Amino acid sequence: RGGPKNLPIAEVFIDEDECEEKKRIKHKPRLVVLGGGWGGVALLKELNAEDYHITVISPTNYFLFTPMLPSATVGTLELRSLVEPIRRIISRVHGHFIRARAEDIEFSDKLVEVSQLDHQGKEVRFYVPYDKLVIAVGSVTNPHGVKGLENAFFLKDIDDARKIRNRVIHNLELACLPTTPDDERKRLLSFVVCGGGPTGVEFAAELYDLLNEDLTRHFPRLLRNEISVHLIQSRSHILNTYDETVSKYAEDRFSRDQVEVLTNSRVKEVRPDKIIFTQKQEDGKLTTKELPVGFCLWSTGVSQTAFCQRLAKKLASFQTNRHALETDTHLRLNGTPLGDVYAIGDCSTVQNNVADHIITFLRTLAWKRGQNPETLHLHFSDWRQVAMDVKKRFPQAVNHLKRLDKLFAEFDKDQSGTLDFGELRELLNQIDSKLTSLPATAQRAHQQGNYLAHKFNKMARLSDGLSANDIRDGDLDAAVYKAFEYHHLGSLAYIGNSAVFDLGDGWSLAGGLWAVYAWRSVYFAQSVSFRTRSLMAMDWAKRGVFGRDTDL
Ligand code: FAD
Ligand code: MG
Ligand code: MG
Ligand code: MG
Ligand code: MG
């Protein structure tokens, strides 16, 4: 027992009769990973096997391949094909798995407080000690303070997908009963998706495909025109973080497919039989509307887990972001001793350094011209250069920076046609404060996990050989490895038998069936194991031959 709360401390023992590999890691630094999702698994996949004594703590014992989750809800893919047991993943690094939830961290004692329900269903708590800790606990669905969400479905994990699948099929079955009155049938067959981001859009598209491709075969009694799919979006466009051409393509596609897209609309309440929302009219007035609903999916973005909120509060003077844990560019949690605690994936954000980046760019520009940066006057053409550079480096910001050209005019207070240093500084401040941080995507979590793994491998290799002089201010991370840099590889969303791509940099593609295959192959390559890949390939082949499984 020990620590501030005097809880049991769980030391993971390695007995004398364990295998040789395990005995070798016995005295290695203890690396504890919280979460077995995209970030955690990317880390575990790349770590060298015998450098650390690894423990993974997570309430779920499998990794979930989330990009395919929308397809699993309607039976395009089998649920088991989307998961990979954590124990299988960590066996390569001889790691331990503790199925429990992290509740708190004692940073000065280097202890994670975890909870689990015991055999009697009673909560037990204990500490797990660490030398290095990686927080990769992901995010939770954002309720936006809306009433009645207990009547809605979410799409975060495999249980959610199973529930959705059962409900959709059940509604179809009820609608088929000869005793179901007409208006009740219409309600049962009204499917509403709240949220016009990639998850909502992909789910609506998958659902539409199911209803069109397989329904007539399995439910011949149902009339296609009694079924309706609606998508409610608070912004003026769906997929609004994507390039404009992409969101336009998606909207056109949906209107052709008779998926009703309700933009500028905010859900107020989800009742068991109807949804109440307000829609902003052209004249700016709000009108309250209702939709009968048989099934409602709530997918309006993510927010911070209770655990991360607790940590942020604890480190309040270093943590100012309300949505994510802030790290430095080496992914170390701000406010904790250097090299102890890292945060990656959805739960984290790297502190913005766009302004720094632009300043570096301007220094180079001034240097090329043989000028002093302080006296540099920036012409519009220079600004375009800066803007393009920023868009390339921070593609997730493109949406916020669409108006970069206008900003120039706005900040050229004396209308001289150039920006002086003071005007520029004001502009940069505005950009920094407006910019959303890194996107909450598998792509980003994966890159961060990989980055940490390579760094930890290198640290283990070098730490013995380095002298204190090599390590400035005890900053081993910076001494051995470069800062994290995010590479945007493009976003993808699936819209009914076609996929839209947003490759950043103003490139976007939207296409027919070929795009579906390109889309699949991207995720194929990212998929974690040959086992998972084979299972998915079999599912797709099966669907091609036999159609979807609509029961089960
Ligand atoms: P997760 O992958 O969510 O992993 C979090 C892990 O932490 C889980 O194992 C969880 O059980 C565990 N955990 C939670 N709380 C605790 C705790 N207190 N203590 C210990 N462990 C805890 N991204 C894309 O790039 N492309 C896509 O096409 C895409 N499609 C998506 C579709 C859906 C339906 C969803 C839900 C997400 C999609 N995403 C996509 C987003 C992507 O899944 C996330 O960005 C990614 O999972 C983030 O990785 P992570 O490691 O931060 O968190
Ligand atoms: Mg993770
Ligand atoms: Mg995951
Ligand atoms: Mg995370
Ligand atoms: Mg000026």
Side-chain angles (χ1 to χ4, degrees), residues 32-44 55-73 82-86 89 97-105 112-116 128 133-142 153-161 164 193 195 197-203 206 239 297-302 304-311 324-325 343-349 396 438-450 452 488-494 499-502 519-520 522-523 526-528:
V32 175
V33 180
L34 306 181
W38 276 94
V41 165
L43 168 71
L44 294 165
T55 303
V56 178
I57 300 174
S58 176
T60 39
N61 58 8
Y62 55 80
F63 164 77
L64 173 62
F65 195 75
T66 49
M68 296 305 187
L69 203 52
S71 335
T73 56
L82 302 187
V83 300
E84 178 123 9
I86 289 292
I89 294 168
F97 177 65
I98 300 179
R99 186 160 185 184
R101 180 177 294 278
E103 298 285 351
D104 204 351
I105 301 172
V112 186
E113 180 182 341
V114 305
S115 75
Q116 178 57 291
V128 179
L133 178 70
V134 178
I135 304 170
V137 296
S139 51
V140 291
T141 307
N142 193 340
F153 287 74
F154 303 97
L155 185 50
K156 264 305 243 186
D157 63 33
I158 207 88
D159 287 336
D160 296 335
I164 290 174
V193 176
T199 301
V201 166
E202 288 184 35
F203 175 77
E206 289 281 1
L239 296 179
L297 177 77
W298 187 259
S299 63
T300 58
V302 295
Q304 215 172 11
T305 62
F307 168 63
C308 292
Q309 284 176 24
R310 202 166 300 131
L311 299 184
L325 295 173
I344 58 175
D346 280 7
C347 69
S348 71
T349 181
Q396 68 278 14
L438 295 171
T441 60
Q443 197 180 95
R444 190 260 284 217
H446 181 84
Q447 285 180 26
Q448 292 189 317
N450 262 331
L452 276 193
H488 188 64
L489 303 173
S491 322
L492 297 150
Y494 174 72
V500 288
F501 294 67
D502 185 349
W519 170 78
R520 281 175 188 170
V522 169
Y523 285 123
Q526 283 187 6
S527 176
V528 284

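Start at 1 and go down the list; that is how both ligands and their atoms are numbered. Nothing fancy with the numbering, it's 1 onward along the sequence. It should be emphasised that the depicted structure is a prediction, and the values quoted were computed from it without experimental measurement.
Across the listed options Thr60, Val41, Val56, Thr60 owns the non-hydrogen atom lying nearest to atom 10 (C) of ligand 1. By heavy-atom distance, the residue among Ile57, Val137, Val140 lying nearest atom 14 (C) of ligand 1 is Val137.
The main-chain N or O of Gly345 is found under 3.5 Å from a side-chain atom of Arg444 such that the two form a donor-acceptor pair. Side chain of Glu103 to backbone of Glu113: no donor-acceptor contact under 3.5 angstrom is found.
Polar contact with ligand 1: present for Ala442 (N/O pair, distance under 3.5 Å). Remark: ligand 1 and Trp38 share an N or O pair separated by less than 3.5 Å (distance only, no angle test). Considering both main-chain and side-chain atoms, Thr66 comes within under 3.5 Å of ligand 1 through a nitrogen or oxygen pair. The N/O atoms of Ala100, backbone and side chain alike, include none that comes under 3.5 Å of an N/O atom in ligand 1. Checked by distance only, ligand 1 and Ala102 come closer than 3.5 Å through their nitrogen or oxygen atoms. The shortest N or O to N or O distance between Gly39 and ligand 1 is under 3.5 Å.
Here the shortest heavy-atom pairing between Ile135 and Leu311 reads CD1-CD1, 3.7 Å. Closest heavy-atom contact between Gln309 and Gln304: NE2-O, 3.2 Å. What you find for Val33 and Gly40 is that their closest heavy atoms are CG1-CA, 4.1 Å. Nearest approach of Lys156 to Leu64, heavy atoms of both residues: O-CD2, 3.5 Å. Residues Ala100 and Ser115 share a closest heavy-atom pair of CB-O, 3.4 Å.
When each atom of ligand 1 is checked for a heavy atom of Gln443 under 4.0 Å away, the hits are 25 (O). Residue contact check: Ala445 has heavy atoms under 4.0 Å from atoms 48 (C), 49 (O) of ligand 1. Per-residue contacts place Asp346 under 4.0 angstrom from the following atoms of ligand 1 (heavy atoms of the residue considered): 44 (C), 45 (O), 48 (C), 52 (O). For ligand 1 and Leu155, the ligand atoms under 4.0 Å from any heavy atom of the residue are 34 (C), 36 (C). Less than 4.0 angstrom separates some heavy atom of Gly345 from each of these atoms of ligand 1: 52 (O). Under a 4.0 Å criterion applied to the non-hydrogen atoms of Ala440, ligand 1 contributes the atoms 41 (C), 45 (O).
Here the CD1 atom belonging to Ile57 is positioned 4.5 Å from the CD1 atom belonging to Ile98, to the nearest 0.5 angstrom. Rounded to the nearest 0.5 angstrom, Thr60 OG1 and Arg99 CZ are separated by 7.0 Å. The line from CH2 of Trp38 to CG of Leu43 is 14.5 Å long, rounded to the nearest 0.5 Å.
In this structure, Pro198 does not count as a contact residue of ligand 1, since none of its heavy atoms falls inside 4.0 Å of the ligand.
Proximity of Thr441 to ligand 1, defined as any heavy-atom pair under 4.0 Å, is shared by backbone and side chain alike.
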